[in-house]
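Here's the structure we're looking at; comments come further down.
Computed from a prediction, not measured in an experiment: that's the story for all the values here. Just the heavy atoms: all of them, side chains too, but no hydrogens, waters or symmetry mates, feed the values below.
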Amino acid sequence: MATDATLAERAKAKGWPDGLLDRALAIRTPDRQLDGWLRAEPNATFLFNVEKTIAVFERLASGPYRGRELTGWDGEAFTDLWANAPEPVGDWSVTVERAPNPIAQFSLQPGATISVIEREHRLVACTVWAQTNLLIAGKPVSIHYAQGLRVRDDMRGEGLGDLVRRLPSPALRKPSFGQVMFMRIGNAGMAGFLEAVKFQADSDRPQMVVGVTYLAAREEAAAAAQIRPIAESDLAHCAALINRTHAGLDLFAPYSAGDLKSVLDEGFWGDRPAWRPAVYGWNDLYVLEEGGAIVACAGLWDRGRDMRERWRSKDGETRLVEVAAALDLGCAAGRDDALARLLRHLAGLAAAKSRQSLIADLEHLPAVRAALADLEPRVESRTLEWSPYAPALPATLGECFIDLRYW
């Protein structure tokens, strides 16, 4: 790397404020990172983010906070953090309860890592990054999903949200050319936070409104005889059905038979340990077969078993949201009716588990939703924010596949 004198000349030429380079050197910023910063064309937002990144390492080196990755010992502490970190949404406060398996949702995301800030053996903030490969405008792209930013209610106002989101994470070591996140509509707190850290709406993060469908969970009078759990011999055919159903959608990652097997194995080779129950596995993905051919497939993730929302209004009204989610939907061409029948079956299974609703990504499957009109479909909308990092990527997304593992 260049000498400090050469670095000082480069920093001055780029308009770095006095002292910023010295601070970067004091925290032992890696040569490659420092060179990248000094090559970039600076502006006020860029230099703001450089200073904030440096401040993360300074604060963690000298203050009472410790930044690290979540471990297997942190389950109860992670549950407690979420229980004490509600989201303000309009006139409501929404608390996401994560138990008994607090990381169930994130275990369904192979590239997810959970960063936490700890103070005096108590978790006070967290964020989740998931690196994944998918298609945008028909081209393969590696991106990150940004999720799960939470700060303990009694610790807000101390900059911990910005601290934890800038904390280096194993997921962020992987290549990424864009970022996606979902934000509840009406969450003024998150919107204000993003503006404060100079992540500007519509410029850095173009927005669009997307939705998922809630179907009433009702037990079936008689289950369809042609429905059964998937077998390993069905993997290639089901992968093809899933790929056909979502072809052309942004944020969709096509499956191979091996990919689908890995999802259902939940990353294990061989037998699953008895102490590690499945979150979503072989017993949860179903096929509908007619005349010896599979015409539809869909999986049931019992989301409400490990993840539920408790809503409280300013007037004292409360409601508990416990749902199941439909994953890995697919059907043969012209067989939306078969997929609707299969989803009706899953809604019955959800009811048997005492879930209120089955949620599914049906915005691009209007015929399926129409066939389920008696299950009172309603749409929950959120803001999808897309941040492309490479100029070759589209500034805005087209119609998107909504993977409920990230919702």
Practice prompt. Write down the atom of Cys331, the atom of Leu339, and the distance for their closest heavy-atom approach.
Written response: CB-CB, 3.9 Å
Discussion item. Can you tell me how far apart CD (Glu289) and CZ (Arg228) are? Round to the nearest 0.5 Å.
Written reply: 4.5 Å
Discussion item. Between Arg341 and Asp336, does any side-chain N to carboxylate O distance fall below 4.0 Å?
Written reply: no
Worksheet entry | Test item: Ile143 and Phe177 side chains (from C-beta on) under 4.5 Å apart, heavy atoms | no
Fill in: Pairs meeting criterion ring pair (Phe, Tyr, Trp, His ring centres under 6.0 Å) with involvement of residues 242-270, two or more places apart
His246-Phe252, His246-His364, His246-Phe401, Phe252-Phe401
Worksheet entry | Gap between atom CZ of Arg10 and atom CH2 of Trp16 - 0.5 Å precision | 9.0 Å
Practice prompt. For the pair Glu69 and Ser115, evaluate side chain to side chain donor-acceptor pair (under 3.5 Å) and give the outcome as yes or no after the intermediate values.
Written response: CA-CA 5 Å; Glu69 285 300 301; Ser115 300; 2.8 Å; yes
Worksheet item: Counting only N and O atoms by type, is there a donor-acceptor contact under 3.5 Å from the side chain of Arg308 to the main-chain atoms of Arg305?
Response: yes
Worksheet item: Does atom CG of Asp259 have more than 12 heavy-atom neighbours, drawn from other residues, nucleotides or ligands, at distances under 6.0 Å?
Response: yes
Worksheet item: Going by heavy atoms in the side chains, are Ile117 and Cys126 under 4.5 Å from each other?
Response: no
Discussion item. Regarding Lys14 and Glu41, does a basic nitrogen lie under 4.0 Å from an acidic carboxylate oxygen?
Written reply: yes
Worksheet item: Got a second to check how far Ile27's CD1 is from Ser62's OG, nearest 0.5 Å?
Response: 11.5 Å
Indicate every side-chain donor-acceptor pair of residues 346-358 with a distance under 3.5 Å to a residue at least two apart or in another chain.
unit_1 : atom_1 : unit_2 : atom_2 : d
Arg355 : NE     : Asp302 : OD1    : 2.6
Arg355 : NH1    : Lys353 : O      : 3.3
Arg355 : NH2    : Asp302 : OD1    : 3.4
Arg355 : NH2    : Asp302 : OD2    : 3.3
Gln356 : OE1    : Glu322 : N      : 2.9
Gln356 : NE2    : Leu320 : O      : 2.5

Worksheet entry | Residues forming a side chain to side chain donor-acceptor pair (under 3.5 Å) with Lys174, sequence neighbours excluded | none
Item to complete: List the steps and the verdict of side chain to side chain donor-acceptor pair (under 3.5 Å) for Glu380 and Tyr214.
Response: CA-CA 7 Å; Glu380 177 195 356; Tyr214 280 63; 2.6 Å; yes
Worksheet item: Within the distance-only criterion (no hydrogens, no angle test), does the side chain of Asn49 pair as donor or acceptor with the backbone N or O of Thr45 below 3.5 angstrom?
Response: yes
Discussion item. Do Asp91 and Ser313 have side chains that approach each other closer than 4.5 Å (heavy atoms only, starting at C-beta)?
Written reply: no
Practice prompt. Give every residue pair that meets the ring pair (Phe, Tyr, Trp, His ring centres under 6.0 Å) criterion with at least one member in residues 117-152, sequence neighbours excluded.
Written response: Tyr145-Tyr406
Worksheet item: Do any N or O atoms from the side chain of Thr79 and from the backbone of Arg98 form a donor-acceptor pair under 3.5 angstrom?
Response: yes
Discussion item. If we count only N and O atoms by modelled type, under 3.5 Å, do the side chains of Tyr65 and Glu120 hold a donor and an acceptor together?
Written reply: no
Worksheet item: Got a donor-acceptor contact below 3.5 angstrom from the Thr29 side chain to the Leu25 backbone?
Response: no
Discussion item. Between Asn187 (side chain only) and Arg184 (backbone N and O only), is there a donor and an acceptor less than 3.5 Å apart?
Written reply: no
Worksheet item: Could you give the distance from CD (Glu399) to CE (Met208), rounded to the nearest 0.5 Å?
Response: 8.0 Å
Practice prompt. Give a yes or no on whether the backbone of Gly159 and the side-chain of Asp162 come within a donor-acceptor separation of less than 3.5 Å.
Written response: no
Practice prompt. Decide yes or no for Val287 and Cys238: does some side-chain heavy atom of the first lie under 4.5 Å from some side-chain heavy atom of the second?
Written response: yes
Worksheet item: Just by distance, do the side chain of Asp403 and the backbone of Arg405 share a donor-acceptor pair under 3.5 Å?
Response: yes
Discussion item. Strictly distance-based, threshold 3.5 Å: is any side-chain N or O of Asn243 a donor or acceptor partner for the main-chain N or O of Ala239?
Written reply: yes
Discussion item. Tell me every residue that passes salt bridge (charged side-chain N to carboxylate O under 4.0 Å, His left out) with Arg272, counting only those two or more places apart in sequence or in another chain.
Written reply: Glu266
Practice prompt. Without swapping roles, check the side chain of Asn84 against the backbone of Asp80 for a donor-acceptor pair under 3.5 Å.
Written response: yes
Worksheet item: Can you name the residues that form a salt bridge (charged side-chain N to carboxylate O under 4.0 Å, His left out) with Glu76, not counting sequence neighbours?
Response: none
Discussion item. So, taking the atom named SG in Cys297 and the one named CG in Leu329, what distance separates them when rounded to the nearest 0.5 Å?
Written reply: 7.5 Å
Fill in: Heavy-atom check, side chain of Lys52 versus side chain of Val56, under 4.5 Å
no
Fill in: Within 45° cone of Phe182 ring axis and under 6.0 Å: Arg382 NZ or CZ
no
Fill in: Sequence neighbours excluded, every pair satisfying salt bridge (Lys or Arg N to Asp or Glu O under 4.0 Å) that has a member inside residues 241-252
none
Item to complete: For the residue pair Asp284 and Val279, establish whether any side-chain heavy-atom pair is separated by less than 4.5 Å.
Response: no
Worksheet item: Side-chain donor-acceptor pair under 3.5 Å between Gln207 and Glu385, yes or no?
Response: yes
Item to complete: Take Lys12 and Asp18 through the salt bridge (Lys or Arg N to Asp or Glu O under 4.0 Å) test and state the conclusion after the steps.
Response: CA-CA 8 Å; Lys12 183 177 181 180; Asp18 291 343; over 6 Å; no
Worksheet item: Can you name the residues that form a side chain to side chain donor-acceptor pair (under 3.5 Å) with Thr213, not counting sequence neighbours?
Response: Arg369
Item to complete: Could you tell me whether the side chain of Asn43 and the main chain of Phe46 form a donor-acceptor pair under 3.5 Å?
Response: yes
Response to the item:
Smallest heavy-atom separation, Phe78 atom then Leu123 atom, equals N-CD1, 3.8 Å
Discussion item. Please enumerate all residues that pass side chain to side chain donor-acceptor pair (under 3.5 Å) together with Ser142, with sequence neighbours excluded.
Written reply: Asn133
Item to complete: Identify the two heavy atoms, one from Ala395 and one from Trp386, that lie closest to each other, and give their separation to 0.1 Å.
Response: O-CD1, 3.4 Å
Practice prompt. Look up atom CD in Gln105 and atom CG in Leu404, then write down how far apart they are to the nearest 0.5 Å.
Written response: 9.5 Å
Worksheet item: Taking 4.0 angstrom as the limit, do Asp271 and Arg276 come out as a salt bridge?
Response: no
Item to complete: Indicate the atoms forming the closest heavy-atom contact of Ala125 with Val151, along with that distance.
Response: CB-CG2, 4.1 Å
Worksheet entry | With sequence neighbours excluded, residues passing salt bridge (charged side-chain N to carboxylate O under 4.0 Å, His left out) with Lys261 | Asp265
Worksheet item: Between Asp306 and Arg303, is there a salt bridge with N-O shorter than 4.0 Å?
Response: no
Worksheet item: How about Cys400 and Ile402: do any of their side-chain heavy atoms sit closer than 4.5 Å?
Response: yes
Response to the item:
For Arg312, the side chain to side chain contact (heavy atoms under 4.5 Å, CB included) test, sequence neighbours excluded, returns Thr95, Arg310, Thr318
Worksheet entry | salt bridge (charged side-chain N to carboxylate O under 4.0 Å, His left out) partners for Asp374, two or more places apart | Arg344
Fill in: Residue pair Ile294 / Leu241, side-chain heavy-atom distance below 4.5 Å
yes
Worksheet item: With the threshold set at 4.0 Å, does a side-chain nitrogen-carboxylate oxygen contact exist between Arg218 and Glu376?
Response: yes
